[in-house]
Peer 1: 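Next up is a structure, given as structure tokens.
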Amino acid sequence: MTSRYSPQEAEPRWQSAWSDADIFKAKPGHEAGDQPKAYILEMFPYPSGRLHIGHVRNYAMGDVVARHKRAKGFNVLHPMGWDAFGMPAENAAMQRGVHPGTWTYENIAAMKAQFAKLGLSLDWSREFATCDPDYYAAQQALFLKFLEGGLVARKSAKVNWDPVDHTVLANEQVVDGKGWRSGAPVEQRELTQWFFKITDYADSLLEDLQTLERWPDKVRTMQANWIGRSEGLQMKFEFSAEAEDTRSDGIEIFTTRPDTLFGASFIALSPDHPLTLALAETTEGLADFRSACAAVGTSEEAIEKAEKIGFDTGLRVKHPFLDGKTLPVWIANFVLMGYGTGAIFGCPAHDQRDLDFARKYNLDVRPVVLPQGADADDFDVAAEAYTGPGTIFNSDFLNGLPIEDAKRDATRRISDMKLGEARINYRLRDWGISRQRYWGCPIPIIHCRTCGAVPVPEADLPVVLPEDVSFDQPGNPLDRHPTWKHVPCPTCGEAAVRETDTLDTFVDSSWYYTRFAAASGKDDAGYWMPVDQYVGGVEHAVLHLLYARFFTRAMRDCGLLDLASGEPFAGLFTQGMVTHETYRGADGEWLSPADIERQGDKLVDRKTGAAVAVGPIEKMSKSKRNTVDPDAIIKEFGADVARWFVLSDSPPERDVEWTQSGAEGAARFVQRIWSLFAEVPREETKTPTDDTAAATALQKINHRAVASIDETIEGFRFNSSVATIHEWVAKLKKAETGEASLISARLEGLSMLARCLTPFMPHLAEECWAALGKTGLVSEAPWPVVDKALLVDDEIVLPVQVNGKRRAEIRVAPDTNKEDIEALAFSDAAVASQIDGKAVKKVIVVPGRIVNIVV
RNA sequence: GCGGGCGUGGCGAAAUUGGUAAACGCAGCAGACUUAAAAUCUGCCGGCCUUCGGGCCUUGCCGGUUCAAUUCCGGCCGUCCGCACCA
């Protein structure tokens, strides 16, 4: 009788064996010789205190790749650390009075214990948390290098201000115009902030997306859209004579449609445009208009519904091409200060927003683009602006030109007139990095009344966060700390104050991977970088992944990183989420899967016995209570089952639904695999009957399975690897009986199977390897070598189609020539009956693939 | 509104060179073993028709290219995601 495999007993045993032998430690570059390197990295977690099943999927995927690479002979770096600064620690401090640092390090300890149970091939010797003073000291040094390199700016900008929590919020922390924590309506405030000049790299960040062949298209597209390059004309409209006394000599606008300049009927300024602000001081009603604009929320819905409103300044500007023609200058709520110059020219006939505005305020609508086939005398624009292709008309020297040519000519004319020039505009903004928070990296700057913003001298780094802070009132504890911020100016020695803002936590995660790489020696970052395979959630498609690409460029250009391409991640994989059914009890409250029991074909509440309504399958969330706890899964089934299941059912980039029955199925499969190994034949029992055709067939099965698993792992198709292993196991199971049990072929198969299982179910694989009597750890064993000769068939099955429908199969040697294949196909009775004496028009023979007879 | 993805059995899916559609798993059905249950094993498992040989239909819908289309092209429908008054 075969014994059962006990993950609860075996898994901790193998985890200790790995840890005792310290086998997952990466070699420093100088020790690796000509061994190729592979840097495999998953996005490091925020130490919330609990792993969730989504983490398990993320790290299981990275582990498959890392273990596979290691077995393939690579020097693998697969590290782990903690993205440890951030608001939840401060919230915990406010709610429970525990220090953010204490809370964070306790969470790290708890999560690290959970990590240990997953059997991941991690090199923990390089572990750090971004809140370690060592780490943020290096980050402060980086900041100062960037400052020196001209990549940091201090400027005034509009930010989301939470008036209850007294802090700036990132855009993503503003939900429907309200602070996500306080629920208070967010205000737009003008504050002086620190910025990284990411826009300096806009072109390179956009261009080089094309070189990222192992990134998902989706992510590349999202970044391209985010950077938002648009080519156009930046030009000045000069004030007309009667407005000569105005404070500037004209209004700069940006347009992508210089071809429609003859259709211009007004100029519109943003409510926040400098000229608007200046006029507001003297113009009756303008201040009120500005508040009306500001009152419209920033939420999607509010913008969607917001009516276009305008304010006529009474000023007029000259049309650049039409002598004597002037255009009114309006202020319009739909013009954004943050894009272009904060001013536009309105061409109502060919822009819907301009048209809506013009209709409301009775401004001219002059069509200048004629659609193909339309009559110039008849063509007019009513409620809908025409934005399609066509030929320019009503436009003097541009008449008759296609749009693109007209853009070019109009731009050239404006340029000749010294009123402007072609210009590329980006949607990308500089990255505001100041946060009015305690639990972050202090910005190493001292503000002096006479010397201005002075960098903290290198010798005084790090600027360490003070421990004795209180969270009993809102606002930044650093700012109200009694002593911390008061320091002498490093330049003049006068009393000065520290910068009390800390860095956005996205800064911490923008360079951590270079820190893992450099842990084995200063020059090792150049050896390990770029990361060969990065794995994480698609929610970071823009922010984190764009910031990191900026950081490596900036570090390279400051001489801090040897990385010619500037690209941090050569390969990127974005995995799907883990979902689960949702359940509601009779009272409409959400129920956890743990509270549910199956009774017959009904689901009932375990406690009350009441019927349970099954809801849609959704992303696991605390609010819907449809989460499963990795610890509970591991306790019940083992880590191997958890890993196997999250990789098995769906393609890795898609969502996978966690089901109890699926997990049970995986657990069954573990036992089934174990039954293959529990009583293995020994080599010495090998019999002469072993060299049979059946044994060769089994050998082929083995080698093909390995080849397929290799291919699917490399293509990130782990669900297909899983299917292959299922089939392989079924065939090995069959080989246990008959044909003298095919002893040597079976043993070879089992040895190969154990090694192929390792990336997916490493504990079980070790147990199987030991059962085969092998010495050493399977985690250190080389990947099985595929004998290519065994991938070739002696005989292949060719489908025979008649008029594209399969009618028969023929068996031929793979190198059979076309004539013989054709003859064999025609000799088939089923084929003959389909042809039924009709004339054969054409015969297509694709050797090794198919035969198609057209009649 | 703009951009991108996806759509195949009851369900998750496979078919990564344009070449046998539905591999593999889950659920289900039938059977073996058992006093019984669990566990395990075997078989069936897209639809319609069948004289039991097989035949016809089927990858969201409509059309196209091709000897051949889940795969390529065009249009539409549905759905999910990202961005959004971006000039």
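Chain identifiers are assigned alphabetically (A, B, ...) following the order of the sequence lines, protein sequences preceding nucleic acid strands; residue numbering begins at 1 within each chain.
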Peer 1: Can you see whether Trp674(A) has Arg4(A) sitting over its ring - NZ or CZ less than 6.0 Å from the centre and within 45° of the normal?
Peer 2: no

Peer 1: Which part of the nucleic acid does Arg807(A) contact within heavy-atom distance under 4.0 Å: base, sugar-phosphate only, or nothing?
Peer 2: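 The answer is sugar-phosphate, as Arg807(A) gets under 4.0 Å only of primed atoms, P, OP1 or OP2.
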
Peer 1: At 4.0 Å (heavy atoms only), tell me whether Lys805(A) reaches a base, stays on the sugar-phosphate, or touches nothing.
Peer 2: sugar-phosphate

Peer 1: At under 4.0 Å, does any side-chain N or O of Lys218(A) touch on OP1 or OP2 of rG5(B)?
Peer 2: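 Result: no.
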
Peer 1: To the side chain of Lys842(A), which of rA84(B), rA27(B), rC67(B) is closest?
Peer 2: rC67(B)

Peer 1: Dump every N/O contact between nucleotides 71-76 of chain B and the protein below 3.5 Å, one line per pair.
Peer 2:
none

Peer 1: For the P atoms, the ones on rC67(B) and on rU51(B), what distance do you get once it is rounded to whole angstrom?
Peer 2: 38 Å

Peer 1: Not counting sequence neighbours, list each pair that qualifies as a salt bridge (charged side-chain N to carboxylate O under 4.0 Å, His left out) and has a residue in residues 327-352 of chain A.
Peer 2: Asp351(A)-Arg353(A)

Peer 1: Can you run down the salt bridge (charged side-chain N to carboxylate O under 4.0 Å, His left out) pairs that involve residues 221-231 of chain A, sequence neighbours left out, and say none if there aren't any?
Peer 2: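 Listed by first then second residue: Asp203(A)-Arg229(A), Arg229(A)-Glu231(A).
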
Peer 1: Between Gly338(A) and Gln834(A), which is nearer to the 5' end of RNA chain B once each is assigned its nearest nucleotide?
Peer 2: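 Here Gln834(A) is the residue nearer the 5' end.
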
Peer 1: Does Ile596(A) have any side-chain contact (heavy atoms from CB on, under 4.5 Å) partners at least two apart in sequence or in another chain, and if so, which?
Peer 2: Tyr583(A), Leu591(A), Leu603(A), Val612(A)

Peer 1: Please report the distance separating the C1' of rG60(B) from the corresponding atom of rC6(B), rounded so that it comes out in whole Å.
Peer 2: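 To the nearest whole Å, 11 Å.
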
Peer 1: With the side chain of Leu336(A) defined as its heavy atoms from C-beta on, choose the nearest nucleotide among rC86(B), rG3(B), rC26(B).
Peer 2: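 The answer is rC86(B), which lies nearest to the side chain.
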
Peer 1: Could you measure between the two P atoms, the one in rC52(B) and the one in rU66(B), and give it in whole Å?
Peer 2: 42 Å

Peer 1: Does Glu711(A) have any side-chain hydrogen bond (donor to acceptor under 3.5 Å, both in side chains) partners at least two apart in sequence or in another chain, and if so, which?
Peer 2: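 side-chain hydrogen bond (donor to acceptor under 3.5 Å, both in side chains) list for Glu711(A), sorted by chain: empty.
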
Peer 1: Could you tabulate the donor-acceptor pairs under 3.5 Å formed by side-chain atoms of residues 713-721 of chain A, not counting sequence neighbours?
Peer 2:
unit_1, atom_1, unit_2, atom_2, d
Ser721(A), OG, Thr712(A), OG1, 2.8
Ser721(A), OG, Arg717(A), O, 3.4

Peer 1: For Phe334(A) and for Met222(A), locate the closest nucleotide of RNA chain B by heavy-atom distance; then report the residue assigned to the nucleotide nearer the 5' terminus.
Peer 2: Met222(A)

Peer 1: According to side-chain contact (heavy atoms from CB on, under 4.5 Å), who are the partners of Lys619(A), at least two apart in sequence or on a separate chain?
Peer 2: Met577(A)

Peer 1: From rA87(B), rC85(B), rA39(B), pick the nucleotide closest to the side chain of Ile344(A)?
Peer 2: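 The closest nucleotide is rA87(B).
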
Peer 1: Only counting residues at least two apart or in another chain, list the ones meeting side-chain hydrogen bond (donor to acceptor under 3.5 Å, both in side chains) with Thr313(A).
Peer 2: none

Peer 1: Atom NE2 of His273(A) to atom C1' of rA87(B): distance rounded to whole Å?
Peer 2: 13 Å

Peer 1: Report the glycosidic orientation of rG78(B): syn if within 90° of 0, anti in every other case.
Peer 2: anti

Peer 1: Within 90° of 0 counts as syn, otherwise anti: where does rG28(B) fall?
Peer 2: anti

Peer 1: Quick one: is rG4(B) close enough that its OP1 or OP2 comes under 4.0 Å of any side-chain N or O from Arg220(A)?
Peer 2: no

Peer 1: Evaluate the ring planes of Tyr386(A) and His350(A), with Trp represented by its six-membered ring, and classify them as parallel (under 30°), tilted (30 to 60°) or perpendicular (over 60°).
Peer 2: perpendicular

Peer 1: Please lay out, stage by stage, how Trp330(A) and Phe311(A) fare under the test ring pair (Phe, Tyr, Trp, His ring centres under 6.0 Å).
Peer 2: CA-CA 5 Å; Trp330(A) 285 70; Phe311(A) 184 94; 8.2 Å; no

Peer 1: Looking at Lys841(A) and rC67(B), is any side-chain donor or acceptor paired with a base atom of the opposite kind under 3.5 Å?
Peer 2: no

Peer 1: What distance, rounded to whole Å, do you find between the two P atoms, one in rC62(B) and one in rU8(B)?
Peer 2: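 After rounding to an integer number of Å, I get 16 Å for this pair.
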
Peer 1: Please name all residues satisfying side-chain contact (heavy atoms from CB on, under 4.5 Å) with Ala264(A), sequence neighbours left out, ordered by chain then number.
Peer 2: His319(A), Leu327(A), Phe345(A)

Peer 1: Distance check, P atoms only: rU71(B) and rU20(B), in whole angstrom units.
Peer 2: 13 Å

Peer 1: What string of B, S and - do you get for nucleotides 10-25 of chain B, 5' to 3', if B is base contact, S is sugar-phosphate-only contact and - is no contact with any protein heavy atom under 4.0 Å?
Peer 2: --BSSSBB-BB--BSS

Peer 1: Applying side-chain hydrogen bond (donor to acceptor under 3.5 Å, both in side chains), can you list everything that pairs with Asp649(A), at least two apart in sequence or on another chain?
Peer 2: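 With sequence neighbours excluded, Asp649(A) shows a side-chain hydrogen bond (donor to acceptor under 3.5 Å, both in side chains) to no residue whatsoever.
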
Peer 1: Please list every stem that involves RNA chain B, where a stem is a run of 3 or more consecutive Watson-Crick or G-U wobble pairs with both pairing distances under 3.5 Å.
Peer 2: B:1-7 with B:77-83, B:10-12 with B:24-26, B:28-32 with B:40-44, B:46-49 with B:54-57, B:60-64 with B:72-76

Peer 1: C1' atom, rG5(B) versus rG43(B): distance in rounded Å?
Peer 2: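 Rounded to whole Å, the distance is 40 Å.
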
Peer 1: When rounded to the nearest 0.5 angstrom, what is the spacing between OH in Tyr339(A) and OG in Ser270(A)?
Peer 2: 14.5 Å

Peer 1: Using the C1' atoms only, state how far rA69(B) lies from rA15(B), rounded to an integer number of Å.
Peer 2: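 Between the two C1' atoms, the distance is 13 Å.
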
Peer 1: Please measure how far the P atom in rC11(B) lies from the corresponding atom in rU59(B), and state the result in whole Å.
Peer 2: 16 Å

